[in-house]
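Presented below is the structure to which this report refers.
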Amino acid sequence: MIEIERKFLVQSQAFKSQAFKQTKITQGFLNTHKERTVRVRLTETIGYLTIKGASTNSGLSRFEWEKKITKAEAVALLKLCEKGIVDKTRYQIKVGTHIFEVDEFHGENAGLTVAEVELTSLNETYKKPDWLGEEVTGIIKYYNSQLSKTPYCEW
């Protein structure tokens with residue numbers, strides 16, 4: 001239940017032609033406290049309830065617990081969320097032995113595109129695709145919970 005991931009800005013649209021899957025996601029936050037966040041996520045067919053703990057100082061890892069919920073449950077819970085809904089399209093791209101998840105944000109966060117790669121250890125190596133830009137791991141303003149409060153259009 002410990003998530004280890006690195007986060008990067010994306011410097012081109014080249015990832016789109018390499019994607020094997022894309023998913024429209026709407027998400028809101030029931031709680032955005034710095035020690036824990038509680039997220040509700042809705043895709044076209046299913047919902048998820050996710051609890052994340054505080055990140056380590058490096059931002060590389062934190063506790064994460066996730067449970068699938070029905071679409072109807074997710075829709076109902078989104079109505080209870082704090083102000084600021086995040087809309088994005090997630091692209092999944094296989095690069096070497098890893099899957100990069102690239103989030104292209106919409107609405108108030110339009111213009112921001114971020115890639116994440118999950119790792120199994122802090123020292124794990126991975127291949128970096130050409131479209132990967134600056135690393136932003138641990139920079140809080142790029143967390144989705146923060147984008148719901150202070151969207152990209154306000155930076």
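Keep in mind that what you see is a predicted model, and the values were worked out from it rather than measured.
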query: Can you find a heavy atom in the side chain of H98 that is under 4.5 Å from one in the side chain of L119?
result: yes
task: Quick one: closest heavy-atom pair of L60 and T56, and the distance?
output: N-OG1, 3.6 Å
field: Sidechain-backbone polar pair: K16 side chain, Q18 backbone, donor-acceptor under 3.5 Å
entry: no
- prompt: What pair of heavy atoms forms the shortest contact from I25 to R41, and how long is it?
  reply: CG2-CG, 3.4 Å
task: For residues I85 and G28, report the shortest heavy-atom separation together with the two atoms involved.
output: CD1-CA, 3.9 Å
- request: Could you pull out the closest heavy-atom pair between G59 and Y143, with the gap in Å?
  value: CA-OH, 4.2 Å
- prompt: Any side-chain heavy-atom pair from F29 and L147 closer than 4.5 angstrom?
  reply: no
- prompt: Looking at side-chain heavy atoms only, is the closest gap between Y126 and V95 below 4.5 Å?
  reply: no
- prompt: In Å, rounded to the nearest 0.5 Å, how long is the span from CZ of R62 to CD1 of I4?
  reply: 13.0 Å
task: Might you work through the side-chain contact (heavy atoms from CB on, under 4.5 Å) test for E104 and H106, ending with a clear yes or no?
output: CA-CA 7 Å; E104 180 179 45; H106 309 295; 4.2 Å; yes
message: In the structure I gave you, are the side-chain heavy atoms of P129 and I93 within less than 4.5 Å of one another anywhere?
response: no
- prompt: With no hydrogens and no angle check, is any side-chain donor or acceptor of E116 less than 3.5 Å from a backbone partner on E5?
  reply: no
- prompt: Yes or no on side-chain contact (heavy atoms from CB on, under 4.5 Å) for K71 and L42, after CA distance, side-chain angles and deciding distance?
  reply: CA-CA 7 Å; K71 184 175 181 177; L42 176 64; 3.5 Å; yes
field: Euclidean distance, I2 CD1 relative to F63 CZ, rounded to 0.5 Å
entry: 7.0 Å
task: Could you tell me the separation between the CD atom of Q27 and the CG atom of D103, rounded to the nearest 0.5 Å?
output: 7.5 Å
- request: Report yes if some heavy atom in the side chain of N144 is under 4.5 Å from a heavy atom in the side chain of N109; otherwise report no.
  value: no
- prompt: If you look at every heavy atom in T150 and W155, which pair is closest and at what distance?
  reply: O-NE1, 3.2 Å
field: More than 12 heavy atoms from other groups under 6.0 Å of NZ on K34
entry: no
- request: Could you verify whether a donor N or O on one side chain and an acceptor N or O on the other, from E73 and T70, lie under 3.5 Å apart?
  value: yes
- prompt: Where is the tightest heavy-atom contact between G47 and A74, given as atom of each residue plus distance?
  reply: CA-CB, 3.8 Å
field: Interatomic spacing from CD in E35 to OG in S55 - rounded to 0.5 Å
entry: 10.0 Å
task: Measure from the ring center of W131 to the ring center of F8 and say whether it is less than 6.0 Å.
output: no
message: Quick one: does any side-chain atom of E44 pair with a main-chain N or O of K24 as donor and acceptor, under 3.5 Å?
response: yes
E108 side-chain N/O to S148 backbone N/O, donor-acceptor pair under 3.5 Å: no
query: Is the CD1 atom of I99 crowded by more than 12 outside heavy atoms at less than 6.0 Å?
result: yes
query: L132, V102: one ILVMFWY side-chain cluster at the under-4.5 Å cut-off?
result: yes
message: Tell me whether W65 contacts the main-chain N or O of G53 through its side chain, where contact means a donor paired with an acceptor under 3.5 Å.
response: no
- prompt: Within a strict 4.5 Å, meaning less than it, do heavy atoms of the L112 and L9 side chains meet?
  reply: yes
message: Quick check: is Y152 connected to V10 through a chain of hydrophobic side chains (ILVMFWY, heavy atoms under 4.5 Å apart)?
response: no
task: Could you check R39 against E66 for side-chain contact (heavy atoms from CB on, under 4.5 Å), going step by step and ending with a plain yes or no?
output: CA-CA 9 Å; R39 176 184 72 205; E66 185 168 79; 3.2 Å; yes
- prompt: At what distance, to the nearest 0.5 angstrom, does CG of N31 lie from NZ of K52?
  reply: 14.0 Å
query: How far does CD1 of I51 sit from CG of L30, to the nearest 0.5 angstrom?
result: 9.5 Å
field: Hydrophobic cluster partners of I46 (side-chain heavy atoms under 4.5 Å)
entry: Y48
- request: Could you check I69 against L77 for side-chain contact (heavy atoms from CB on, under 4.5 Å), going step by step and ending with a plain yes or no?
  value: CA-CA 10 Å; I69 59 176; L77 288 171; 3.9 Å; yes
Among F15, F20, F100, the one residue meeting side-chain contact (heavy atoms from CB on, under 4.5 Å) with Y91: F15
